[in-house]
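A quick write-up on the structure given underneath.
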Protein chains: 2
Amino acid sequence: MNLFYANPEDVSSSFICLRGQEAKHAGKVLRHRVGDSIYITDGNGTRYQCSITHINNDTVDAKVIQSTFEEKTSPEVTLLLGLLKKRDRLEFAIEKSVELGADRIVLYPGDHSEKGRVRLDRVEAAVKSAMKQSLRYYLPEVILEKNLESALNSFTDKRTLIAADETISGNEVAKPGEDGFLLIVGPEGGFSNAEREAMKKRGVLAYSLGSKRLRTETAAIAMVDRFKNVL
Amino acid sequence: MNLFYANPEDVSSSFICLRGQEAKHAGKVLRHRVGDSIYITDGNGTRYQCSITHINNDTVDAKVIQSTFEEKTSPEVTLLLGLLKKRDRLEFAIEKSVELGADRIVLYPGDHSEKGRVRLDRVEAAVKSAMKQSLRYYLPEVILEKNLESALNSFTDKRTLIAADETISGNEVAKPGEDGFLLIVGPEGGFSNAEREAMKKRGVLAYSLGSKRLRTETAAIAMVDRFKNVL
């Protein structure tokens with residue numbers, strides 16, 4: 001089954017228009033024809049079963065046959081991830097986190113990040129692709145913050161804050177806040193002293209993923225799976 | 001901290017010889033000098049703190065200062081993974097599984113695998129690199145089986161067999177066998193009916209990772225983390 005994404009403004013209760021890459025994927029890559037049945041999500045929890053009515057150069061129009069709404073799964077999980085040096089490892093961490101249910105991705109250049117910039121369009125494309133691939137119907141938002149402290153300022157309300165920390169052992173059992181968890185993962189170089197201090201002030205709990213050294217992307221994936229699905 | 005790997009036959013209680021890529025990495029890439037202190041593992045549970053005595057063209061000799069033996073962590077986890085189409089996704093799954101503690105990697109071309117071959121030397125290099133990167137001291141063995149059934153024949157003794165299965169919901173709680181778990185993950189195309197039948201005969205338990213569709217490499221990573229570390 002293939003799932004397509006339509007911007008919410010292109011979705012009504014009876015008709016949906018796919019644009020850009022989504023239209024190209026449906027029409028040119030998968031060679032769908034008028035009359036074909038496809039699935040589309042608006043990224044806001046609804047899946048639409050549709051029948052294609054027009055295929056144009058840049059758009060694909062579809063009639064809604066049936067729609068299904070799905071509640072968000074709790075706890076809500078926001079992943080706060082330091083920028084990594086290698087693009088493929090960052091995108092992999094994000095793709096896997098979304099597959100495993102992360103609801104929001106917040107990136108920041110950490111004091112020890114070797115790279116300060118990221119192409120948000122590529123990250124957003126990876127997020128969209130992972131949502132469709134895993135048949136999720138909520139599109140996680142992607143936010144770039146200036147640094148860890150500004151990210152903490154933006155997301156501390158009503159969330160339980162937990163940082164992956166290889167320097168501790170043993171874990172406090174943490175309950176999600178009203179808005180779930182904020183899971184904090186540092187870049188390859190780990191957290192700076194200033195960042196540790198800022199987290200301490202905010203009451204961030206330290207969580208150990210085990211005694212072994214994990215790469216950043218591995219820590220991010222394991223954190224999301226554990227707090228979203230297992231613990 | 002950098003960790004190097006030496007073949008057990010090059011390890012004695014007082015001297016160790018690094019060869020090939022390991023020697024090159026120590027001497028040429030990291031530019032170590034005679035007298036430098038380095039860490040070496042034999043992949044059998046021991047970490048050696050050493051001092052470099054000679055740097056030659058293809059070898060690095062080191063004197064053992066101190067050695068530390070580490071017990072294997074239980075449960076023992078063997079990952080049985082169908083061959084994937086894309087090499088980078090297969091190697092990523094293996095790298096992450098080793099970081100998270102998989103003790104053995106068994107690969108098989110599934111009935112629905114699009115690719116029947118794999119370069120074992122590359123997989124072994126990925127395993128070795130992940131072991132060193134995560135500061136583990138046991139080198140997981142890598143085995144290529146002919147198909148799922150032959151793999152099941154080789155590894156059913158004294159293991160609890162669990163397959164990642166998206167078609168079920170709810171999970172039986174499984175205890176590890178005397179030799180731990182055998183975690184079975186299919187290729188992209190999933191299991192064939194014949195494979196499902198073979199697993200049923202062997203008493204393989206089905207485990208659901210959640211209601212959403214996960215890519216094979218995501219399922220492998222989550223299975224290893226859950227059964228090795230969390231459940």
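Chain letters run A, B, ... following the sequence lines, proteins first and then strands; every chain starts at 1. Quick note: numbers below take in every heavy atom, side chains included, and nothing from hydrogens, waters or symmetry partners.
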With rounding to the nearest 0.5 angstrom, report the [atom1] to [atom2] distance, [X] to [Y].
X	Y	atom1	atom2	result
B/Met131	A/Lys212	CE	NZ	10.0 Å
A/Leu209	B/Asp225	CG	CG	7.5 Å
B/Phe92	A/Asp88	CZ	CG	8.0 Å

Which region of A/Leu214, side chain (C-beta onward) or backbone (N, CA, C, O), has a non-hydrogen atom less than 4.5 Å from a non-hydrogen atom of chain B, or is it both or neither?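 Both parts, backbone and side chain.
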Taking every heavy-atom pair that is under 4.5 Å apart, which of B/Thr73, B/Val230, B/Leu135, B/Leu100 has the most such pairs with chain A?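 The residue among B/Thr73, B/Val230, B/Leu135, B/Leu100 with the greatest pair count is B/Leu135.
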Shorter than 4.5 Å, heavy atoms on both sides: which option in A/Arg226, A/Arg213, A/Glu95, A/Arg89 has the most such pairs with chain B?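 Option with the greatest count: A/Arg213.
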Sort B/Lys132 into side chain, backbone, both or neither according to what part of it lies under 4.5 angstrom from a heavy atom of chain A.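 For B/Lys132, the contact with chain A is made by the backbone alone.
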Report yes or no: does A/Glu99 contribute a side-chain atom to a donor-acceptor pair with the main-chain N or O of B/Arg215 at less than 3.5 Å?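 Yes.
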Note, A/Lys96 side chain near B/Lys96 side chain (heavy atom, < 4.5 Å):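 Result no, sub-4.5 Å side-chain heavy-atom pair not found.
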For A/Asn193, does the CG atom sit with more than 12 other heavy atoms under 6.0 Å from it, leaving out its own atoms?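 Counting neighbours around CG of A/Asn193, 12 or fewer heavy atoms of other residues, nucleotides or ligands fall under 6.0 Å, so no.
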With a sphere of 6.0 Å drawn around NZ of A/Lys72, does it hold more than 12 non-hydrogen atoms of other residues, nucleotides or ligands?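 Enclosed.
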